[in-house]
Amino acid sequence: MLSRRNFLAGSIAAGAVSQVLAQTGDAAPTVLRIERRDIEVNGKSASVFCIRQPDGTFGITTDVGKPFRVRVENHIEEPSLIHWHGLAPPWQQDGVQDVSGPAIPPGGSAEYDFPLRRGGTYWMHSHYGMQEQLLLSAPLIIRDGSENPSQQEVVVMLADFSFTPPEQILAQLQARQIHAMRDMDMPGMEMHGTEVHGTEVHGTEVRGTEMPAIKSKPDLNDVQYDAFLANSRTLADPEVVKVEPGGAVRLRIVNASSMSAYHIDLGQLEGNLIAVDGIPVQPVRGRAFPITVAQRLDIELAIPKIAAAYPVLAVLEGERTQTGIVLLAGNGQITRVSGMAEAASPPLTLGLERSLRAAEPLADRKADRTHVLNLTGSMQGYRWSINNVAWTKDVPPLMVAKGERVELVLINQTKMPHPMHLHGHTFQVVAIDGHRFAGALRDTVLVPSKSTVTVAFDADNPGWWAFHCHLLYHQHAGMFQTLRYD
Ligand SMILES: [Cu+2]
């Protein structure tokens, strides 16, 4: 056996995980290849990434009880690393650049092997650089036996797409902020440390905290995308999934977007929301459900007996733009669905979150430790931060101890919403703006502007774990922290 110390030292070198593997099993791993592929968006070809098996299957579908035994092969021209979003692997296999392990070099591979304790709708994505923006993500579905065999499963991966490379998008965001700083450098307009993000996205108007007129309105969508995709396609040429008239469908919706939140619009259908972030909730019936970046929704649908097309749409938060797929029952007619909803959607709220109740909540317990985390932002250089610290490897991790019940109080002091994600653990939403309740179990929670959300988790998976805003450019700019315990 490798000692833990040796293992940690070894994990700096590629191949450490496979050393451990040699001791644990010999069944052939599932191969996942990180590859380039061409897709067509708005009539133009684009080269993006993907994660697929040698037979072309995107991502992986597996079962609880089976080990997650995977070999990731890097077939692209740059290093990469895959994070298993929502799973609780040993931390060295969590796939976060600079935290849990070395990147996989071009032509290299890495092995993963850990038990799957819980079923649900998860996903995988690059946690290296900004590759996630280039669609380096895939579904990760774990069946647990609760599925209804007569129910057809439909996975919908949502993504935001830009022809502009992510590095350039970030540079533009930074340049716009600096430009805005200069514009704001005028008498009576002082900058304060936080809460100065918020230049107008579409033009030259400068907004800031000193202007009371815009205080009530959160800033949304600080990147302007060229397209929004559902299973890599726009509504100009959507994926059409054949379903049975009178049949049952389980939608597994994954918001794999880098920066964009949506309202899922089921149109004339009504659905039962049965799980969020892969974990069962007491069912909620509805036609519209919010989904922020990195979250998942499992929705059961009863397809009417009438042969028809039933679009499942995702309307961009605060905008009219929409994407989606079409469920086609029988020989129904497909009519073209516009890429624009009739009216702009509202900003996401915590209305649904407040009403969600975990099917199996955490045991009732007082917190042993509470961390108050202010979500902070500075316009200068597009620097997003936690407690005014933009993360580097030198930032001390949050301290917790094994066995503790930990609460994180997330106070959003900025004007943008932040979807906050904890690695390696599942947390429960236990308070919104001070009102306590036993909410959903999740791995990613929306913290709207000027709101406070408290989440609780049991420190039962020692290691070094990331906790960050899942908006790609916020995370990259420093709204990132870690927690670490033995
Ligand atoms: Cu953020």
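This chain uses plain numbering: 1 for the first residue, then up along the sequence.
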Answer yes or no: is there an ion pair linking [X] with [Y], defined by an N-O contact shorter than 4.0 Å?
X      : Y      : answer
Glu342 : Arg320 : no
Glu244 : Lys305 : no
Asp144 : Arg117 : no
Glu40  : Arg233 : no

[X] and [Y]: aromatic ring centres closer than 6.0 Å?
X      : Y      : value
Tyr225 : Phe161 : no
Trp91  : His425 : no
Trp384 : Tyr473 : no
Tyr122 : His85  : no

Donor-acceptor pair, side chain of Ser451 and main chain of Val447, under 3.5 angstrom: no
ring-ring contact (aromatic ring centres under 6.0 Å, His included) partners of residues 126-147, not counting sequence neighbours, each pair once: His83-His127, His125-His127, His127-His423, His127-His468
Option among Ile432, Thr454, Leu410 that satisfies the side-chain contact (heavy atoms from CB on, under 4.5 Å) test with Val445: Leu410
Met479 side chain near Arg383 side chain, heavy-atom distance below 4.5 Å: no
Test item: Ile386 and Met420 side chains (from C-beta on) under 4.5 Å apart, heavy atoms: yes
With sequence neighbours excluded, residues passing salt bridge (Lys or Arg N to Asp or Glu O under 4.0 Å) with Asp94: none
Salt bridge (Lys or Arg N to Asp or Glu O under 4.0 Å) partners of Glu78, counting only residues at least two apart: none
For residues 307-316, dump all side-chain donor-acceptor pairs below 3.5 Å to protein atoms at least two apart in sequence or in another chain.
| from | atom 1 | to | atom 2 | distance (Å) |
| --- | --- | --- | --- | --- |
| Tyr310 | OH | Ile306 | O | 3.0 |

Under the side-chain contact (heavy atoms from CB on, under 4.5 Å) test, residues paired with Arg252 that sit two or more places apart: Thr121, Ile141, Glu147, Glu153, Val155, Arg250, Asp298
side-chain contact (heavy atoms from CB on, under 4.5 Å) partners of Gln168, counting only residues at least two apart: Thr164, Pro165, Gln172
Between OG on residue Ser137 and CD on residue Glu132, distance to nearest 0.5 Å: 6.5 Å
Residue pair His421, Trp123: steps toward the ring-ring contact (aromatic ring centres under 6.0 Å, His included) verdict: CA-CA 13 Å; His421 170 50; Trp123 62 301; 8.5 Å; no
